[in-house]
Protein chains: 2
Amino acid sequence: MGNQTTIDRQAFEPAYAQLVNILKEQIARGIYLPGDRLPSESELCKHYHVSPMTVRRSINALLDQGIVSTTQGSGTYVKAPDLSGVTFSLEEFHNIFKDKERTKVKILEVLIIKTDATTANRLAIDLGERTILIRRVLIRDGDPIIYHKEQLIYDPVRPIVEAELEVTSLHGLFVGTGETKFKRGDIAIEAAVLTKEEADALNTMQMQPAFRLEHIFYDFEDKPVSWGRFICRGDRLRFTTTVGVSHRT
Amino acid sequence: MGNQTTIDRQAFEPAYAQLVNILKEQIARGIYLPGDRLPSESELCKHYHVSPMTVRRSINALLDQGIVSTTQGSGTYVKAPDLSGVTFSLEEFHNIFKDKERTKVKILEVLIIKTDATTANRLAIDLGERTILIRRVLIRDGDPIIYHKEQLIYDPVRPIVEAELEVTSLHGLFVGTGETKFKRGDIAIEAAVLTKEEADALNTMQMQPAFRLEHIFYDFEDKPVSWGRFICRGDRLRFTTTVGVSHRT
DNA sequence: TATATAATATTATATATATAACTTTGTCAA
DNA sequence: TTGACAAAGTTATATATATAATATTATATA
């Protein structure tokens, strides 16, 4: 069991990172309980023989991780683990896209249509204007996993379509190739049950649980360029995270 | 439109934060495009008349926000916005618990039972050992919103039960009162459809979409102390976030 | 006792500097 | 042209120091 109490200057790990781990471990062991004040920065300096800025950096890391809170003039206090600050990432979602060996993208349909009310609202355009509709399925090991339906602004001047279609893999969206044409995106996750259209595309039955990941992307002028939804079978995806002080790597 | 280009030393906002905003805005405006190299740290020092450490701090902030990436010896580069690093917070979930005015907790059932296989596995105990089962519903404005089913280790020596039951509001779990008895938790989110039991508790129909938030909490010896699930109506909860460079506050 | 004031401790911000590690570029020789 | 090497540029880490802002504690005063 790791039980570091001093900072090893010969170690590969930098001093500030070592101090972070030392403090985290002490908190994890219950030496400092929620509500307790940590030693002041100057005390930590003396005890571990590091400079104030190094201590500061370590404290900041603990702050970022939501493990402690600081009050100017008072001290640094251990936070009780709570769920309010917990985050979960799309990493696992991203992983599905990552290995290009196992996953393929099948384009079901591409057509130019007149917008319905919902799309007009999302893309901030007039009802009836033309948009490009793309429907695709992401297939892993022959199994359809994710259904994607997207509508893009139809703009002959700036042919985003070609760029989008070139990327038949959707890969660019998730790894940041530098070819992405959008500056910013709003994303929402909802729980849903599969509609018939979605179930057909995913080759399963309707009324199955699913994640619905809705996205709107904006260009550099903050105008919407595309809107769409990823539909993901609930039995194939699960988001995990931890709260509190987890073990050191 | 904010268009800050110099650092105002009289401003309330500290220099490093101002520099973060300046750089973010330039990236948002497309002055630096994905893949571009930012000016080197020493150049930024000269241009904005701040010390290297201050520039460093700003760059680190951009790193944390996933806006740039750095390569030692080479430079700092603007990242293309990608979904891989996107995170969702439980803030909105947390908000439901926060206002004690509107929300009440109704305890449906508390009993001591012998564990089934699933619970024994989650709590790392033997099959048939006793656990405490608690079923509650969180009600907002008279409407049942969240159904919670939890099983705790039955340990006469350490009566966690009383503590749990005192907190009839579940509030402590989410705000970190310092009274929480656990050190660490694993959390998973799944998409699901309501079972009959869940639908009854939530006073709605089964087969409706729902989020299932499963949690296991551990004590300071890393032994599981409780396991449970929050079931949340999908039409009452939605997680949102943004990707890329969003506008400054 | 209660209140205001001073002193002290603590975090927050900022500067200046130094060394190390790594990358890129340029130079020179084979 | 190619490869080896040196030089310059860039980020990463660390120290030492200073000032400001806030909180806490002690002290003096009424």
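Nothing here was measured: the structure is a model prediction, and the numbers come from that model. Here is how names work: the chains are called A, B, and so on, in the same order as the sequence lines, proteins then strands, and each is numbered from 1.
Salt-bridge annotation for B:E150 and B:R229: absent, with no side-chain N of the basic residue lying under 4.0 Å from a carboxylate O of the acidic one. A salt bridge links B:D222 with B:K183; the closest basic N to acidic carboxylate O contact falls under 4.0 Å.
Residue A:E13 contributes atom CD, which lies 17 Å from atom C1' of C:dA21 at whole-angstrom precision. Atom OH of A:Y48 and atom P of D:dT13 are 20 Å apart (whole Å). For B:L62 and D:dT11, the CG to P distance is 13 Å, given to the nearest whole Å. Following rounding to the nearest Å, B:L63 (CG) and D:dT10 (C1') show an atom-to-atom distance of 14 Å. Whole-Å rounding puts the B:E41 CD to C:dT15 P distance at 14 Å. Per the geometry, CG belonging to A:L19 stands 13 Å off C1' belonging to D:dA14, to the nearest Å. To the nearest angstrom, C1' of D:dT10 lies 12 Å from CG of B:L44. Rounded to whole Å, atom P of D:dT13 lies 14 Å from atom CD1 of A:I7.
For the OP1/OP2 pair of C:dT11 and a distance below 4.0 Å, the side-chain nitrogens and oxygens of A:T76 include at least one atom meeting the criterion. Between C:dT13 and B:Y16, a contact under 4.0 Å exists linking OP1 or OP2 to a side-chain N or O. A close approach under 4.0 Å does not occur between any side-chain nitrogen or oxygen of B:S74 and OP1 or OP2 of C:dT23. Residue A:R57 places none of its side-chain N or O atoms closer than 4.0 Å to OP1 or OP2 of D:dA14. Within the 4.0 Å cut-off from OP1 or OP2 of C:dA9, not a single side-chain nitrogen or oxygen of A:R37 is found. Here B:T54 reaches the OP1 or OP2 of C:dT15: one of its side-chain N or O atoms lies under 4.0 Å away.
For A:P14, the side-chain atoms get nearest to D:dT13 when compared with the rest of D:dT13, D:dT10, C:dA16. If you check D:dA21, D:dT11, D:dT15 against the side chain of A:Q72, the one that comes closest is D:dA21. The side chain of B:A15 approaches C:dA14 more closely than any other nucleotide in the set C:dA14, C:dT11, D:dT11.
Residues B:I231 and B:I146 form no side-chain contact, since every pair of their non-hydrogen atoms from C-beta on lies 4.5 Å or further apart.
The nearest pair of heavy atoms linking B:C232 to B:L237 is SG-CD2, 3.5 Å.
Partner assigned to C:dT23 is D:dA8, using Watson-Crick or G-U wobble distances below 3.5 angstrom. Pair check for D:dA30 finds C:dT1; Watson-Crick or G-U wobble, both atom distances under 3.5 Å.
Taking the six-membered ring for Trp and the full ring otherwise, B:F182 and B:F220 have centroids separated by 6.0 Å or more. Ring to ring, A:F211 and A:F239 are close: their centroids are under 6.0 angstrom apart.
Nearest-nucleotide positions on DNA chain D for A:Y77 and B:P39 put B:P39 closer to the 5' end. Across the interface with DNA chain D, nearest-nucleotide mapping of A:S51 and A:G73 shows A:S51 to be the residue nearer the 5′ end.
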